[in-house]
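Single-structure report; data block below.
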Amino acid sequence: DRILPIDSELPSARFSDDGLKIAFLSKNGDSHGLFVTDASGSGEQFVYDMEFDSTNVLVAWSPDKRYIAYRTDAGAARQIFIRVLEDGTEYALGEAFEDGIVWAPDWSSDGKFLTYTKVGEGGSEVYVEPFPPDGRSLLISLADGEEGEWLPDRNALIYRNSADWF
């Protein structure tokens with residue numbers, strides 16, 4: 001058994017779909033970072049130094065566990081980033097969003113697409129973008145939507161609008 005150094009102020013930990021990896025936040029003084037480890041607790045790897053005040057970092061594992069998608073709100077910009085765990089390369093998904101938030105990244109079963117929610121003055125909307133990012137994004141929801149989620153076979157997408165799912 002191993003206890004991960006997950007601070008109760010940073011309640012963000014996510015197992016990979018197969019349960020073999022864990023991504024979690026850990027706090028050290030005034031800064032905190034994103035780490036990944038094997039479920040056994042071995043092989044801890046530092047992913048990202050989060051020197052800003054954010055406790056709501058939502059993480060999504062790619063199906064092959066080679067990539068991690070996470071939300072950041074560094075400074076004024078809010079954005080989804082994808083980190084290659086092998087070499088630390090980082091991709092930005094979409095454009096920085098300064099007048100709202102982005103959250104809830106989720107991968108398709110083949111790892112070729114990600115969905116996320118963008119919330120601004122006009123409401124919230126669900127988008128899908130290819131991976132690797134190529135600048136294209138597709139608006140999925142109409143008249144408000146959030147929490148886009150791939151169905152269990154990950155070949156179709158649903159999203160929520162208030163209490164209704166589409």
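When a residue number appears, it is its place in the shown sequence, counting from 1.
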Sorted by chain and number, sequence neighbours left out, salt bridge (charged side-chain N to carboxylate O under 4.0 Å, His left out) with Lys65 holds for Asp18

Those residues at least two apart in sequence (or on a different chain) that pass side chain to side chain contact (heavy atoms under 4.5 Å, CB included) with Ser137 are Tyr116, Tyr127, Glu129

Rounded to the nearest 0.5 Å, the CG atom of Asp64 sits from the OG atom of Ser16 at a distance of 11.0 Å

d(Arg66 CZ, Leu85 CG) to nearest 0.5 Å is 9.5 Å

Residue set satisfying salt bridge (charged side-chain N to carboxylate O under 4.0 Å, His left out) with Asp134, at least two apart, ordered chain then number -> Arg136

Quick check on the hydrophobic clustering: are Val84 and Ile82 connected, directly or via other members, by side-chain heavy-atom contacts under 4.5 Å? yes

Sequence neighbours excluded, the answer for side chain to side chain donor-acceptor pair (under 3.5 Å) partners of Ser124 is none

Between Ala39 and Ile22, the two heavy atoms sitting closest are CA-CD1, 4.0 Å

Those residues at least two apart in sequence (or on a different chain) that pass side chain to side chain contact (heavy atoms under 4.5 Å, CB included) with Leu138 are Ile140

Phe166 meets the ring-ring contact (aromatic ring centres under 6.0 Å, His included) criterion, sequence neighbours left out, with Tyr159

So salt bridge (Lys or Arg N to Asp or Glu O under 4.0 Å) across residues 157-166, not counting sequence neighbours, yields Glu146-Arg160, Glu147-Arg160

Sorted by chain and residue number, the side chain to side chain contact (heavy atoms under 4.5 Å, CB included) partners of Glu90 (sequence neighbours excluded) come out as Tyr48, Tyr70, Phe81, Arg83

Across all chains, not counting sequence neighbours, the ring-ring contact (aromatic ring centres under 6.0 Å, His included) partners of Tyr91 are Phe131

